[in-house]
Amino acid sequence: MPAAGHHDRGLTTVGQRIVIAGASMGGLRAAERLRAAGFAGEIVAVGDEPHLPYNRPPLSKEALASEVTHEALAFRLRPAVADVTWRLGVPVVSADLAARAVRLADGTELAYDGLVVAPGMRPRRLPVPGPAAGRHVVRTLEDARALRAELGPGVRVLVIGAGFIGCEVAATARTLGASVTVVAPEDVPMRRPLGAELGAALRRRHQARGVAFLLGRTVRAFLGSGRVTGAELSDGTSLDADVVVEAVGSAANTGWLEGNGLDLSDGVLCDEALRVEARPGVVAVGDVARFPNPRYDGVPRRVEHWSIPTDTAKHAAVTLLADLGLGDPPAGPFAPLPTFWSDQYDLRLQSFGAPVLGEDDIRVLEGDLDGEVVVGYHRDGELVGVVLVGMASAAARYRTALTRASVTV
């Protein structure tokens, strides 16, 4: 049973325990916010990797282009979280929300007063026949190290998937002198987040750097005996490859929550306060959280952007402590402005807002698609997102404009 403690409003008690299921950026930010809000009880952060929290976006970019070290990527641990207990390399494997307890991979049971669900994502793998050796994903430090060891001049790299990760890996591999082919079912790379015109413009930039694209097709099988030597595509084409990178999206790490009657169809369904299906004492943080954003509408959505772990942790910590009787609930609606960036060669793409919600009305606001450009995404005539290629001096202006846009409460 959870440790007993006083639940008087505004009073933290040393006897209470909060378990954070996830030891990546979202888990770290949650621990920081809990301490900042005055929680003095025990915090236990549990993660499947052996490392303290580190920054993931560089794994497909600059960290992949050079020696990949944890020291270079690790987040600084602030003094406020120096007493957090990190249980690393032993993920949570099951939870009993009614009993307020979780079980770890080593058999340990942890009772809790509050639970932060922050397990992050795992890369999808292609369910097609063929050897596994030589096939890579890019999600963890170990993934990047293993891929980096195989990249170099003349290496034939086959990237499956033309989203941000696929295109970033393609750019990095080309920079290292590899021969790169990208295969994807879409007609242009990064179509869903960016739209057809900007996606086509970025494809031209990649092609100018020597990347080959085979779009509108999928992988039927991987070729080779013992180790992958290529792939057979859906149109019958056979490709030779020394290295394959599968960049075909991610799935939420929610299997350990099964059996609790939750909607786990796409991450973890949350209410507007980031409670997991309005259950007191359980909140979700990061890209597994599916929550409504009144900046746009009341539809719960997951957002896999770099800014979301910090934004959700700040709000969820206040909600959780209020549920434990340790303060007031969050004031005002939770309406974060999603933000992400992507580095491809010497290009910096920045995005603010929700471009995917404005995919039916996309306009060039400044510049030129084949140069530096600002592209606006509109819904019902209102700007809901922007993507900047270059145009760094305009970023603050557009971010401010989107931040000040009306929020429906």
Side chain [X], main chain [Y], donor-acceptor under 3.5 Å:
{"X": "T312", "Y": "G286", "value": "yes"}
{"X": "N253", "Y": "P119", "value": "yes"}
{"X": "Y398", "Y": "G385", "value": "no"}

**Request:** Kindly indicate, with the supporting measurements, whether the criterion salt bridge (charged side-chain N to carboxylate O under 4.0 Å, His left out) is fulfilled by R302 and D287.
**Result:** CA-CA 6 Å; R302 286 193 313 103; D287 41 17; 5.7 Å; no
Assess whether atom [atom1] of [X] is packed by more than 12 heavy atoms of other residues, nucleotides or ligands within 6.0 Å.
{"X": "D380", "atom1": "CG", "value": "no"}
{"X": "W341", "atom1": "CH2", "value": "yes"}
{"X": "R192", "atom1": "CZ", "value": "no"}
{"X": "E197", "atom1": "CD", "value": "no"}
{"X": "K314", "atom1": "NZ", "value": "no"}

**Message:** Under the criterion salt bridge (charged side-chain N to carboxylate O under 4.0 Å, His left out), I'd like the reasoning laid out for R122 against D48: C-alpha separation, chi angles, the key distance, then a yes or no.
**Reply:** CA-CA 11 Å; R122 66 182 183 278; D48 58 348; over 6 Å; no
**Request:** Assess whether side-chain contact (heavy atoms from CB on, under 4.5 Å) is satisfied between L262 and L97, documenting all intermediate values.
**Result:** CA-CA 10 Å; L262 301 177; L97 300 187; 3.9 Å; yes
How long is the straight-line distance from [atom2] of [Y] back to [atom1] of [X], given to the nearest 0.5 Å?
{"X": "E109", "Y": "D96", "atom1": "CD", "atom2": "CG", "value": "8.5 Å"}
{"X": "L28", "Y": "L52", "atom1": "CG", "atom2": "CG", "value": "9.0 Å"}
{"X": "R290", "Y": "L269", "atom1": "CZ", "atom2": "CG", "value": "4.5 Å"}
{"X": "M391", "Y": "R348", "atom1": "CE", "atom2": "CZ", "value": "15.5 Å"}
{"X": "I18", "Y": "L326", "atom1": "CD1", "atom2": "CG", "value": "7.5 Å"}
{"X": "L388", "Y": "L347", "atom1": "CG", "atom2": "CG", "value": "12.5 Å"}

**Message:** Ring-plane angle category for H206 and F213, please: parallel below 30°, perpendicular beyond 60°, tilted otherwise.
**Reply:**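 Perpendicular, since the angle between the ring planes exceeds 60°.
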**Request:** For the residue pair F291 and F334, categorise the inter-ring angle as parallel (less than 30°), tilted (30 to 60°) or perpendicular (more than 60°).
**Result:**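 Taking F334 first and then F291, their aromatic rings sit tilted (interplane angle of 30° to 60°).
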**Item:** Ion pair check, D113 and R17, cut-off under 4.0 Å
**Value:**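 Result for this pair is no, no salt bridge flagged.
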**Residues D143, R56: salt bridge by 4.0 Å N-O rule** =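 Looking at R56 together with D143, the answer is no, because their closest N to O distance does not fall below 4.0 Å.
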**Asked** Pick from D271, V268, V116: which one makes a side chain to side chain contact (heavy atoms under 4.5 Å, CB included) with V276?
**Response**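 For V276, the side chain to side chain contact (heavy atoms under 4.5 Å, CB included) check succeeds only for V268.
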**Request:** Taking the side chain as every heavy atom from C-beta outward, state whether W256 and P91 have any atom pair closer than 4.5 Å.
**Result:**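 No, their side chains stay 4.5 Å or more apart.
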**Request:** Evaluate the side-chain proximity of L198 to I362: yes if any heavy-atom separation is below 4.5 Å, no if none is.
**Result:**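 SC-SC contact between I362 and L198 ruled out.
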Return the minimal non-hydrogen interatomic distance between [X] and [Y], and the atom names on each side.
{"X": "V188", "Y": "G199", "value": "CB-C, 4.1 Å"}
{"X": "A21", "Y": "V92", "value": "CB-CG2, 4.0 Å"}
{"X": "L151", "Y": "V155", "value": "C-CG2, 4.3 Å"}
{"X": "L215", "Y": "P189", "value": "CD1-CD, 4.0 Å"}
{"X": "H378", "Y": "G381", "value": "CD2-O, 4.1 Å"}
{"X": "R100", "Y": "L324", "value": "NH1-CD2, 4.2 Å"}

**Request:** Determine the sole option in D360, D297, D361 for which the salt bridge (Lys or Arg N to Asp or Glu O under 4.0 Å) test with R379 is passed.
**Result:**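 Checked D360, D297, D361 against R379; only one passes salt bridge (Lys or Arg N to Asp or Glu O under 4.0 Å): D297.
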**Message:** I want to check a possible cation-pi pair here: R205 against Y345, using under 6.0 Å from ring centre and within 45° of the ring axis as the test.
**Reply:**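 No, cation not above the ring by the 6.0 Å, 45° rule.
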**Request:** Cation-pi check, R35 to F39: give yes when NZ or CZ is under 6.0 Å from the six-membered ring centre and within 45° of the ring axis, no otherwise.
**Result:**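 No, a cation-pi geometry is absent between R35 and F39.
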**Message:** Go through it in stages, so that I can follow the logic: the residues are R139 and I165, the test is side-chain contact (heavy atoms from CB on, under 4.5 Å), and I'd like the CA-CA distance, side-chain angles, deciding distance and then a yes or no.
**Reply:** CA-CA 10 Å; R139 176 68 186 177; I165 297 297; over 6 Å; no
**Asked** What do the steps show when you test L369 against V375 for side-chain contact (heavy atoms from CB on, under 4.5 Å), and what is the final call?
**Response** CA-CA 8 Å; L369 284 169; V375 179; 4.1 Å; yes
**Request:** Go through the steps for E366 and R397 under the test salt bridge (charged side-chain N to carboxylate O under 4.0 Å, His left out), then give the verdict.
**Result:** CA-CA 12 Å; E366 294 185 47; R397 172 161 46 93; 3.0 Å; yes
**Asked** Judged by modelled atom types alone, do E168 and S342 share a side-chain donor-acceptor pair under 3.5 Å?
**Response**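 Looking only at side-chain atoms, S342 and E168 do form a donor-acceptor pair, the distance falling under 3.5 Å.
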**Item:** Residue pair E49 / Y54, side-chain donor-acceptor N/O under 3.5 Å
**Value:**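 Checked: E49/Y54 side chains pair up, N/O donor to acceptor below 3.5 Å.
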**Request:** Test F340 against every option in W306, F164, F352 by the ring pair (Phe, Tyr, Trp, His ring centres under 6.0 Å) rule and name the one that passes.
**Result:**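 That would be F164.
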**Request:** Let me see the working for D235 and R217 under salt bridge (charged side-chain N to carboxylate O under 4.0 Å, His left out), right down to the final yes or no.
**Result:** CA-CA 7 Å; D235 64 354; R217 52 203 109 178; 2.8 Å; yes
